[in-house]
Undergrad: 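This is the structure I have questions about; it appears just below.
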Amino acid sequence: MASTSPRSVVLLVLAVAIVVSNAQLQLSETFYDATCPQAASIVQQKVDAFVDADRGLAAALMRLHFHDCFVRGCDGSVLLNSTDTMLTEKEALLNKGSLRGFEQIDEIKMELECACPGVVSCADILALVARDATAKVGGTSWPVFLGRIDGGASFADEVNSSLPERRDNFTQLVARFARVGLDARDMVILSGGHSIGQVHCGAFFERLYNFQGLNITDPSMDPEFAAMLKVQCPPTKPFGFMALDATNGTFDSAYYLDLLTNKGLLESDVALLSDPLGVEYAIRAVQDPMAFLNEFGWAMIKMGAIPALEPYGWRRHCAFVEPQL
C-alpha cells in the first residue's frame, strides 16, 4: 500500500500556507494566542461532548463550514437569523430543514464570550468545529488558520447559485468550486466529506425509480445495492434517511470505494467517476486511505481561506448582527 512521504507533506503545508497568506493576510494559527489562548480547547471540548451525545452531529457541523464558505466567503453568514428586512441563508431551499447544529454553535459562542468577550469570530468557530468534528469520528486533525472577520449580511437568494447541487455533473461541479478559488482536485477531495452524514431518500429517487424519466433504475447502480435501497427507501418515504456511505458515522475513504463499486447515491457523487481525475483519485484514496485523510485536511484549509465578501466585524452572537460602535 502506498504512503504519503514526509517531503510530500512538507510541500502540501507550504502550498496551503501560501494559499492562506494570499487569501487573507490576517489568518494565523496563533491569532488568538494572546487574546484567547483557551479558544481551541474550549471548542474541542464542546464538540467532543456534542458528538459523544449525537454522532450524527459530526457531519452536520462539518457541513455548516462548507455552506458558510461557499456563499459570501467564510464569514459566518450561514448562522444569521432572518429579520424583517433580510431573508437569510438559513431559509434558502438548499439549507432550510437540512442544516443543523446552530444551537451547538450558539452554545460554543456563549462559552467563548464568557472566557474572552468580543474576541473569537463566529466564522473561526465554524472552522474549528469542522476540524474537531471530523477528527472525532475518524478523520485526521489539521491546523486551523484563524482571524476571519464575520459578515453582517446573509441572503437566501445567493445560496442556490453558489452551493454545489445533487444533480450537478462533473463540469458543473468544477465550475462551482472554481468560483470560490478551488480547483477540480479540491472538488474531488472535498466531496469525500460525504463519508459521513445522511441524505433524504428523495434526493436519489430519480436514480432509483425514474432514471432519465424512463421509470427504471439507473443501470449503472449495483443491482443488489439498488434492491436494498428500495427496501429502505420505498417511493412513499421520500423523507426517510440513508447513509451516504457504507461506514456511516466514520470518516474514511469508504465513500470512494462505494463509488468504484457502483454504490454511490447522489448524481453529483457518481459524476466524479465521469472524469479521469475523479477515477484516478478514487482509486488512490482506496489504496491509501491515510493519504486521503491528510489531503482532505489540506483541502479544508484551502476552503477555509476563502475570503469574506463583505467583512463586518466580530459578532458577539452568531445568530444576529449588533450595530457597530
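Note that this is a predicted model, so its numbers are computed, not measured.
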Undergrad: Could you pull out all residues at least two apart from H200 that satisfy side-chain hydrogen bond (donor to acceptor under 3.5 Å, both in side chains)?
TA: none
Undergrad: Applying side-chain hydrogen bond (donor to acceptor under 3.5 Å, both in side chains), run through K230 and T217 and close with a yes or a no.
TA: CA-CA 10 Å; K230 290 177 180 178; T217 300; 2.8 Å; yes
Undergrad: Using modelled atom types only, decide if a donor and an acceptor are shared between the side chain of D288 and the backbone of F292 within a distance under 3.5 Å.
TA: no
Undergrad: Does E89 reach the side chain of H67, with side-chain heavy atoms less than 4.5 Å apart?
TA: no
Undergrad: Hey, does the side chain of D68 reach the backbone of S77 with a donor-acceptor pair shorter than 3.5 angstrom?
TA: yes
Undergrad: Looking at side-chain heavy atoms only, is the closest gap between S274 and N169 below 4.5 Å?
TA: no
Undergrad: Are D218 and F204 packed together at the side-chain level, in the sense that at least one heavy-atom pair is separated by less than 4.5 angstrom?
TA: no
Undergrad: Just so I know, are the side chains of M62 and I196 near enough to count as touching, which here means a heavy-atom distance under 4.5 Å?
TA: yes
Undergrad: Using side-chain heavy atoms (C-beta onward) and a distance below 4.5 Å, is N95 in contact with V159?
TA: yes
Undergrad: Does the distance from a Lys or Arg side-chain N to an Asp or Glu carboxylate O, for E267 and R166, drop under 4.0 Å?
TA: no
Undergrad: In chain order, what residues pass the side chain to side chain contact (heavy atoms under 4.5 Å, CB included) check against F177, with sequence neighbours excluded?
TA: F70, P164, L182, M187, L190
Undergrad: Indicate the ring-plane relationship of F251 and F296, choosing parallel, tilted or perpendicular according to the 30° and 60° boundaries.
TA: tilted
Undergrad: Mark yes or no for whether S268, through its side chain, and D168, through its backbone, hold a donor-acceptor pair below 3.5 Å.
TA: no
Undergrad: Using the side chain to side chain contact (heavy atoms under 4.5 Å, CB included) rule, take E113 and R316 through it: C-alpha gap first, then chi angles, then the decisive distance, then the call.
TA: CA-CA 7 Å; E113 285 299 309; R316 294 181 186 275; 4.1 Å; yes
Undergrad: Is there side-chain contact between T140 and M290, with at least one heavy-atom pair below 4.5 Å?
TA: yes
Undergrad: Give, for atom CE of M228 and atom CE of M242, the distance between the pair rounded to the nearest 0.5 Å.
TA: 3.5 Å
Undergrad: Indicate yes or no: does D258 engage K263 in a salt bridge with an N to O separation below 4.0 Å.
TA: no
Undergrad: In the single-linkage hydrophobic clustering (I, L, V, M, F, W, Y; side-chain heavy atoms under 4.5 Å), do Y281 and L272 co-cluster?
TA: yes
Undergrad: Between R148 and D124, is there a salt bridge with N-O shorter than 4.0 Å?
TA: yes
Undergrad: Search all heavy atoms of E91 against all heavy atoms of S82 and return the closest pair with its distance.
TA: CG-OG, 3.2 Å
Undergrad: I need the minimum non-hydrogen distance between A308 and I149, along with the two atoms involved.
TA: CB-O, 4.1 Å
Undergrad: Does R100 come within less than 4.0 Å of D54, counting only side-chain N to carboxylate O?
TA: yes
Undergrad: Are the charged groups of E158 and R72 less than 4.0 angstrom apart, N to O?
TA: yes
Undergrad: Could you tell me whether R185 and E280 have a side-chain N and a carboxylate O separated by less than 4.0 Å?
TA: no
